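Note that the coordinates shown come from a computational prediction; the quantities given were computed from them, not determined experimentally. Within every chain, numbering begins at 1; the chains are lettered A, B, ... in the order of the sequence lines, protein sequences first and strands thereafter.
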Amino acid sequence: MIKSQSSSRSKGGKRPSRGLSSRGTKKLPLPKDLLLQIHRLMVKSRALEDRLIKIYKAGESYFWIGGPGEEAFGVPLGLLVHKGQGPQYDWLHLHYRATPTLVAMGMPMIDSVRLMMNRATDVSTGGRNFSNHYCYPQWNVAPVSSPIEVQYSMALGTARVQQRHGTKGVSIVTGGDAGTAEGDFASCLVWASRPGQELPLLITVQNNGWGISTDYDSQHGEKHIADRGKAFGIKSLVMNGNDPVESYLKLKESLDYIRKTGKPVLLEALVSRLYGHSSASGANMEKGQVCCVQSFEEKLKKWGLLKDKEALAIRTEYETEAKMAQEQARQEPAPTPESVWDHVYAHNENGDWRNY
Amino acid sequence: MANMAQAVRMALHYGETHLDVVDIFGQDVGPPLGGVFTATQGLKTTWNTPLDERGIIGMAMGIALAGERCVAEIQFCDYIFNTIDLLKIAGNTCWVSNGNYSMPMVVMTPAGAGIHGSVYHSHSFDAWATRLAGWKVVMPSNPLDAYGLMLSAIADPNPVLYLKPKALLRVRGEDLIPGEPQDEKQLKSMIDAPLGDRRRWKPQWPELEDYRVPLGQAKITRSGEALTLVSYGRTLPICNKVADELLKEKGVAIEVIDLRSLIPYDWASVLSSARKTKRVIFVNEDTEVTNFGEHLAYRCTQELFYELLARPRVVAGKNLPGIGLHPHLEENSVPQIKDIRQAVLDTLAEVP
Ligand SMILES: Cc1ncc(C[n+]2csc(CCOP(=O)(O)OP(=O)(O)O)c2C)c(N)n1
C-alpha cells in the first residue's frame with residue numbers, strides 16, 4: 001500500500017532529510033544486477049552532465065541547466081518506464097533536469113552533447129533550444145519546454161488518450177517544487193481526480209528546496225507538496241529521492257498501482273541541487289548536500305558489490321565516452337540560417353508570408 | 001556611468017523613498033538575489049513571490065485597487081503570456097468602471113533577444129503590449145532614460161508596462177543620472193551587492209534627484225536630413241551606429257528618433273522628422289506581422305503619402321514561432337546591423 005511518509009520536513013524549520021536511509025547489510029533490497037545497473041547509469045548520467053558543464057565553461061555553449069543531484073530519482077524512473085510510441089506505452093512530460101531518466105532509457109550521450117552544442121544534428125531541437133530540452137517521439141517523450149509547469153496540464157491529454165484506448169500506459173510528469181505554484185499544477189490535480197473519470201497519471205515533483213534563489217520555506221504554506229493531493233483523494237507520498245533503492249521501490253509501487261486502478265498518484269521526491277540552479281549561477285558544486293551517486297557508491301561498497309577500482313573504472317569509461325562525444329559534435333555542422341523556416345508547420349509547409 | 005540595471009535600481013529606490021512605492025515584487029526580486037539582472041538589489045520594499053505570474057499580476061492589481069503604489073516584475077517577458085487576460089482587465093478597469101477605479105501600477109519585464117537566450121529568453125512583447133488598450137508602454141534604450149521613465153511610470157495613475165531591453169541592462173550610459181557619483185567604481189561599491197554572503201550588506205544610496213522623462217516624449221539621438229530611423233530599446237543603439245557609419249562613409253546624415261514611449265507615442269516628433277527627410281523606416285525586434293511599427297508606417301502613409309519620396313518600411317523580427325539558440329538562427333530571426341543598413345541604403349536609393 002502506498003502511504004504518505006510522515007518524517008522529512010517540519011515547516012519553517014530545518015531542511016528535509018535527503019540522506020540515505022540505513023538498511024541492513026544482510027539481505028539486498030533489490031537484485032544485485034539491478035543495483036549495479038542503477039549505479040552504472042547514475043554514474044553515466046553524472047559524467048555526461050559534468051561534460052556538459054565543461055562544454056559551457058569552455059565557451060562552446062551559451063547556457064547549461066540539468067539534472068546533477070536527481071540521478072537517484074531519474075535513473076529508476078527511466079528503468080521502470082514502458083518505453084515506446086503510442087498510447088499503449090508510457091508518456092513522459094519531463095522538465096529540464098531529466099538527463100538521468102533519458103540516460104536510463106538508452107539515450108546516447110552524443111544526443112545530449114549535440115543539443116548542448118546546438119548542432120544541426122541535435123535530434124531534439126535542431127540546434128534551437130537549451131541543454132536538457134529533450135524530445136523523443138519514438139519513446140513518447142514530449143518536448144521539454146522552458147515555461148515552468150506547462151507539462152502538468154498537457155499530461156492530462158495524453159493520459160486521457162491512454163485511458164480511452166484502455167491501455168496500461170501511464171502519463172508521467174516531472175517538475176520542480178517552486179513550479180507547483182503555477183495554475184497548471186492545480187489543473188493537474190483537479191482534472192486527474194474527477195470522480196469516475198480519474199486519469200492514469202504519475203504526477204511527480206522533484207523537490208530540491210529551491211526556485212532559483214527563493215527557498216521552499218518562504219513560499220509554501222503546505223508542509224509537503226504531496227499533501228495537496230490528499231484533498232483530491234489522490235494517493236500521495238513523499239520519498240527520499242536521493243536513495244535510488246527507495247526511489248525504485250516507490251516508483252514501481254506507484255506505477256503498478258496506476259496501471260492496475262487507472263487512478264493518479266502524486267509523488268514528491270526530496271532531491272539535491274548539486275550545482276546550483278544553472279550556469280547563470282556558475283554551475284559549481286554547492287557544498288552541504290547529499291550527493292546521491294557518492295552515497296550509493298559507498299553503500300554498494302559496504303554491501304560488497306563494488307570495489308574502489310571498479311567504481312573508478314566505470315567513472316573513467318563514461319568520462320571518456322562523454323569527452324569523445326564532445327569531440328565528435330564539434331566536427332558536426334551548425335544549423336543553417338535558412339533552417340529557421342523549417343517546421344514552422346507540419347510536413348514543412350511554407351511558413352514565410354513572403355512566399356504566400 | 002551607471003548601467004541600465006543600476007539605473008532601474010536607483011529609480012526604484014527613488015520610488016520607495018519619494019513616490020510612495022510600498023511593494024516591489026516578483027520571482028527572485030527580493031534578497032538574496034535581487035533580481036536575475038540585479039535590478040532590484042538592496043531595495044527596502046522588495047520581496048520574492050511564488051513562481052506564479054498570474055499571482056504576481058493579480059497582486060499588483062489588488063494593491064492598485066486599494067490605492068497604493070507597487071512595481072511588479074515578470075522575470076522574463078517570455079513568461080508574461082499566461083497573464084494576458086489579467087493584463088486586459090488591468091487595461092480596461094478604468095474604462096469599464098466609467099472612471100470609478102484606475103490602476104496605478106508598474107509591471108517591468110526584460111524583453112528581446114541578444115543574450116543567446118534561446119527560445120524562451122528572447123521573446124519581445126512590444127507588439128503584443130501595444131494591443132492592450134488602457135496600458136501605457138515604455139522601453140528605454142539607455143540608463144538615464146531608464147531612470148527617468150521609471151519615475152514617470154511610477155507616478156502615472158495608469159498601468160504602465162516597462163520593457164527592459166535585456167541585452168542593454170549591463171551597458172553603461174553616456175550621461176550621469178542626476179545625483180549619481182562621477183566615478184562608476186564608487187557607484188558600484190555603494191549600490192552593487194557583494195558576491196557571496198550578502199545578508200549583512202546594506203547599500204549606500206547616492207542623493208538622487210527627481211528626473212523624469214515624460215511618457216509620450218521621444219528624443220532625437222542623431223539629426224539628419226536624408227532619412228528617419230524610428231526605433232526604441234535594443235535596436236536603437238544599432239540605428240545610431242548605422243547613422244554614424246553612413247555619415248562617416250558616405251556623408252549621408254540619417255536622423256534617429258528614440259521613441260522611448262510606445263503608448264502614448266510622440267507623433268509630432270515622428271511627423272516633423274519624416275516630413276523633413278521624406279524617407280522613414282521603423283525598426284524593432286518583435287515579429288513582423290501585426291507589428292507596432294506597421295501602425296506607425298500606416299499612419300505615415302495616411303498623413304504624408306504625397307510628400308514622401310520612398311515607401312515607409314518596417315524592419316522587424318521574422319514571423320517565426322521562436323528564436324533559436326544557435327547564432328545562425330538568432331541572427332536570421334531578429335534585425336542585425338546589416339539588415340538595418342541595407343534597408344536604409346535601399347530606401348535612400350528609391351526613386352518615386
Ligand atoms: C513560467 C516561468 N516562469 C519563470 C521561469 C524562470 N525560471 C526558470 S527555472 C525557475 C525556478 C524553478 O524552480 P523549481 O520549479 O523548484 O525547479 P528547479 O529548477 O528547482 O528544479 C524559474 C523561476 C520559467 N522558466 N517559466
Side-chain angles (χ1 to χ4, degrees), chain A residues 61-63 96 115-120 122 125-131 133 143 145-150 175-186 210-215 218-221 277-278 280-282 333-345 351-354, chain B residues 25-38 40-41 47-56 58 75-76 78-83 115-123 195-196 198 287-290 317-334 336:
Chain A
S61 180
Y62 298 104
F63 183 77
Y96 48 76
L115 169 59
M116 180 71 187
M117 295 176 75
N118 322 126
R119 302 289 92 191
D122 151 29
T125 83
R128 289 177 175 152
N129 219 335
F130 281 152
S131 70
H133 284 57
S145 65
S146 307
I148 299 286
E149 225 64 4
V150 295
D177 48 294
T180 62
E182 296 277 8
D184 305 79
F185 187 75
W210 293 99
I212 292 179
S213 69
T214 304
D215 68 328
S218 67
Q219 304 300 326
H220 291 262
H277 178 72
S278 67
S281 51
T336 62
E338 307 74 56
S339 72
V340 293
W341 291 109
D342 292 350
H343 311 299
V344 172
Y345 292 108
D352 186 355
W353 57 270
R354 292 163 191 81
Chain B
F25 55 96
Q27 293 157 11
D28 305 290
V29 157
L33 195 60
V36 286
F37 291 98
T38 72
T40 51
Q41 278 180 353
W47 47 279
N48 293 326
T49 66
L51 207 174
D52 171 16
E53 288 74 17
R54 291 180 55 82
I56 292 168
Q75 195 165 68
F76 290 93
D78 311 62
Y79 302 128
I80 204 171
F81 290 85
N82 72 349
T83 72
I115 62 158
H116 303 293
S118 185
V119 186
Y120 270 93
H121 302 77
S122 302
H123 272 284
L195 294 175
R198 46 180 71 159
T287 48
E288 59 202 347
V289 176
T290 64
K318 298 214 169 79
N319 196 40
L320 292 163
I323 293 171
L325 179 51
H326 194 282
H328 287 171
L329 306 177
E330 175 168 335
E331 286 164 21
N332 194 31
S333 302
V334 288
Q336 303 296 305

Do [X] and [Y] come close enough that some side-chain heavy atom pair is under 4.5 Å?
X	Y	value
A:Asn118	B:Ser118	no
B:His121	B:Tyr79	yes
B:Asp78	A:Pro147	no
B:Val29	B:Trp47	no
A:Glu338	B:His328	no

Side chain / backbone / both / neither for B:Glu331 at chain A, heavy atoms under 4.5 Å: neither

In terms of heavy-atom pairs under 4.5 Å, which option from [options] contacts chain A the most?
options	value
B:Glu330, B:Glu53, B:Arg54, B:Gln27	B:Glu53
B:Leu320, B:Thr49, B:Leu51	B:Leu51
B:Gly55, B:Gly117, B:Gly322, B:Ser333	B:Gly117
B:Leu33, B:Asp28, B:Asn332	B:Asp28

Which one, [options], leads in non-hydrogen pairs under 4.5 Å with chain B?
options	value
A:Asp184, A:Thr180, A:Ile148, A:Val150	A:Ile148
A:Gly127, A:Ser61, A:Pro335	A:Pro335
A:Glu149, A:His133, A:Gln219	A:Gln219
A:Gly211, A:Ser281, A:Ala334	A:Ala334
A:Ala120, A:Gly183, A:Ala178	A:Ala178

Main-chain N/O of A:Asp342 paired to A:Ser339 side chain as donor or acceptor, under 3.5 Å: no

Of the backbone (N, CA, C, O) and the side chain (C-beta and beyond), which part of A:Thr214 lies under 4.5 Å from a heavy atom of chain B, both, or neither? both

Working to the nearest 0.5 angstrom, can you tell me the gap between B:Asp52 CG and A:Phe185 CZ? 13.0 Å

How long is the span from the CE atom in A:Met116 to the OH atom in A:Tyr62, to the nearest 0.5 Å? 11.5 Å

